[in-house]
Peer 1: 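Dropping the structure in here first, questions after.
Letters go in sequence order (proteins before strands), and every chain restarts at 1. This one's a predicted model, so the numbers in the text were calculated from it and none came from an experiment.
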There are 2 protein chains.
Amino acid sequence: MSLDERKMQILQAIIDDYITTASPVGSRTISKHAGLGLSSATIRNEMYDLKELGLLEQPHTSAGSMPSDKAYRLYVNSIIQSVELSEPEREQLMVHFSDRLSDLEEVIKRTAVVLSSATNYMSMVMTPQLNDISLNRIQLIYISSGKALLIIVSTNGLLKNTTIDIPDGVTPEYLDKISAMMTTRFAGCKLKDVSENLIYDLFIELGERREQLSFASSIASGMHSTYAGQNKVEVRGADKLLSLPEFSDIEKARELMSAIEHKETFMTLLNDAMSMELSVKIGGENADPKFKNSSVVTATYKLHGEPIGSLGVVGPTRMDYAKVLAVLKFLGDSMSSMIEEICDDDNGKKDD
Amino acid sequence: MSLDERKMQILQAIIDDYITTASPVGSRTISKHAGLGLSSATIRNEMYDLKELGLLEQPHTSAGSMPSDKAYRLYVNSIIQSVELSEPEREQLMVHFSDRLSDLEEVIKRTAVVLSSATNYMSMVMTPQLNDISLNRIQLIYISSGKALLIIVSTNGLLKNTTIDIPDGVTPEYLDKISAMMTTRFAGCKLKDVSENLIYDLFIELGERREQLSFASSIASGMHSTYAGQNKVEVRGADKLLSLPEFSDIEKARELMSAIEHKETFMTLLNDAMSMELSVKIGGENADPKFKNSSVVTATYKLHGEPIGSLGVVGPTRMDYAKVLAVLKFLGDSMSSMIEEICDDDNGKKDD
DNA sequence: GTTAGCAGTCACACATTGCGAGTGCTAACA
DNA sequence: TGTTAGCACTCGCAATGTGTGACTGCTAAC
């Protein structure tokens, strides 16, 4: 028994119907509405075969059928290469980005909002991963006795800062000196490769006394918190999921909500998704059993061609994959170019 | 018919019982468990009076009674002056703050988490309000051609920064000059009082050309976004509310969740609460009808005696007000001292 | 291979019933 | 006069039973 053209059409019709109605589809519905010109009895025969192939499932004997994870997978595989938004759809999304966003955080938040409202599912957008990004400049700014601001600029123009404690008596001039040395020494290095020891060595070279060790370590921990604190994820539209019949059970809703309290869960999802331009995990395909009844669809965004972060959607397995994939791909690209714009204001200008 | 001692005791017993069980309390329950040595018939007579006074409500004729908003108000008024955590309770809370937190955001997040887990309700903590706080220093740091970092330090040591666009060709030295001028000019001013025009005037004084107007305005908008973006609120433990019988209705749960999407709602609550050291809004007392079935309890935190922010709890009207108020008061105070510590690292040192 | 027709299945919505928690009233008692 | 026991009555709720309708699965005819 093979999966001929007609079976595919019927499966497709069932998926389409189930995606919108969320209730098992009967043979009669397909016969009447799919426009295949076949009677319900014929559809039934085909559906029987589809069941044997593991593509359809029945909640109980006398109920209609619903697509299995396997069926969605088949469907997703067939469309994933060709998802694309239409021009009007693109325009409709871009309206929300009409004001120029100059702040990275703004871009992320806005994208999360738009993604959730465009798909009607829960959206998540992670901040760029900076550990693998090379340093361009390190600058310490004197704030007051005992406190300084540590600024880190990456080669691709991203900027991050944090306050650190400094020893008493450290002067602004001294901070400038250290900043300059650190910049020369660490320019081009990756943030994660700058260890406390390396910074300590640098202080020794400067001819500093042992007491400065605490200074070195507070710089190191500042640099570390700079990219650790960077691992944030913006989650939006959780309430959208609650309106779905899938979550009409209060217990499931509560589970979902407490998952949202732990943003690390989403961080893991998004981190795992970084390796693929577009990724779809359907139901049981998810590593985390929390999502075994949901689908997680993700895309990446890039800087200079390198993926630096990802964004995604969590929804029921009966999801409009075509639309969600297209929106994600588009928003991923648009994030990439917005971030590029934020970072490269100067790079572009260097050319003239 | 007045509210004598015994009626108060009975009301108290009903409140206590209802707070834990969430289901209407019958006269028999009180008679057996409250230890008043009265028969259920007597209790019934008293309950009849309490009903006439508007302190008890019945969901239907043959059901037990539950306290009205008015009853909770009476109760809260009677305890609000004297709420205090016991020493062991304090210690148990302080365990969560044992590691020194040097970052304001960390303090806020941690407090939100602890507040929610200590009360078992949804917690919210706002970031400090900076518009009324006076400036100490303004510093522009050159990042790259076209971009600079704007740092604002308030007189009480709080620090905030944001990136701004700068015109081409602006040098680091020029930024230093402007920083110095702005600091001299605006030190002691309040952030909200620094208008674009004032900054523009300063540029004119510097003898700058008209083209620099865009620079002035980007500094102004940077300063503005600095305190606008500051108005954040950390919300935790929304899932806790979903476990309550009050929210067993999925529709109510959804409403709650979509309220959480709009953090402005909570911002309004917390802003309104700034004027009172401790504030309790019971059910209908809330201005926002969204909370007409909930209670909102808030406290403030301070810097140098001035309230700069607030934190609170949203839960059902049947709330353990004594505990919640005590926890809030304590955490408000502990936030105050932690923030004081963060800001005053230098002030303290100035003394020696 | 396709279709009509029909028996059989099963969830779901709806009405019915009985139970139990709780009131409200009355009459008796201290 | 306040307190209590006793009892009829109310009403929500959970358990149970029933009818309906949306299906399938099969068979026989086209």
Peer 1: Let me know the distance between CD of B/E46 and P of C/dG22, rounded to the nearest Å.
Peer 2: 19 Å
Peer 1: Write down the atom of B/Q58, the atom of B/G64, and the distance for their closest heavy-atom approach.
Peer 2: CG-O, 3.5 Å
Peer 1: Does a nitrogen or oxygen in the side chain of B/S39 sit under 4.0 Å from OP1 or OP2 of D/dT3?
Peer 2: no
Peer 1: State plainly whether the residues B/K323 and B/E89 are in salt-bridge range, i.e. N to O under 4.0 Å.
Peer 2: no
Peer 1: Hey, is A/K51 close enough to A/E57 for a salt bridge, meaning N to O under 4.0 Å?
Peer 2: no
Peer 1: Of A/T29 and B/P59, whose closest DNA chain D nucleotide lies nearer the 5' terminus?
Peer 2: B/P59
Peer 1: With distance as the sole test, does A/K70 use its side chain to make a donor-acceptor pair with the main-chain N or O of A/L53 at under 3.5 Å?
Peer 2: yes
Peer 1: Find the distance A/L36:CG to C/dG1:C1' and express it as a whole number of Å.
Peer 2: 16 Å
Peer 1: Please write out each protein N/O paired with an N/O of nucleotides 14-19 of chain D under 3.5 Å, distance rounded to 0.1 Å.
Peer 2:
none

Peer 1: Is the closest basic N to carboxylate O distance between A/K290 and A/E255 below 4.0 Å?
Peer 2: no
Peer 1: With both distances under 3.5 Å as the test, what is the Watson-Crick or G-U wobble partner of D/dG19?
Peer 2: C/dC12
Peer 1: Can you check the A/E57 CD to D/dC23 C1' distance for me, whole Å?
Peer 2: 17 Å
Peer 1: Check this for me: does any side-chain nitrogen of one of A/R73 and A/E285 sit under 4.0 Å from a carboxylate oxygen of the other?
Peer 2: yes
Peer 1: Please state how far atom NZ in B/K7 lies from atom C1' in D/dG2, giving the value in whole angstrom units.
Peer 2: 12 Å
Peer 1: Report, one pair per line, the protein and nucleotides 24-26 of chain D atoms (nitrogen or oxygen only) whose separation is under 3.5 Å.
Peer 2:
from, atom 1, to, atom 2, distance (Å)
D/dT24, OP1, A/S27, N, 3.3
D/dT24, OP2, A/S27, N, 3.1
D/dT24, OP2, A/S27, OG, 2.4
D/dG25, N7, A/R44, NE, 2.9
D/dG25, O6, A/R44, NH2, 3.0

Peer 1: Starting at atom CG of B/L56, determine the distance to atom P of C/dT23, rounded to an integer number of angstrom.
Peer 2: 10 Å
Peer 1: Applying side-chain contact (heavy atoms from CB on, under 4.5 Å) to A/D288 and A/T265, what does each step give before you reach the verdict?
Peer 2: CA-CA 9 Å; A/D288 189 333; A/T265 318; 3.5 Å; yes
Peer 1: Side chain of B/H60: nearest nucleotide among C/dA11, D/dT3, D/dC11?
Peer 2: D/dC11
Peer 1: Tell me the interatomic distance from B/H33, atom NE2, to C/dG22, atom C1', rounded to whole angstroms.
Peer 2: 14 Å
Peer 1: Taking atom CZ of A/F266 and atom CE of A/M126, what is their separation to the nearest 0.5 Å?
Peer 2: 14.0 Å
Peer 1: State, to 0.1 Å, how close A/A112 and A/S123 come at their nearest heavy-atom pair, and which atoms those are.
Peer 2: O-OG, 2.7 Å
Peer 1: C/dA21 C1' sits how many Å from B/K32 NZ, rounded?
Peer 2: 14 Å
Peer 1: Write down the distance between CG (B/D49) and P (C/dT23), rounded to a whole number of angstrom.
Peer 2: 14 Å
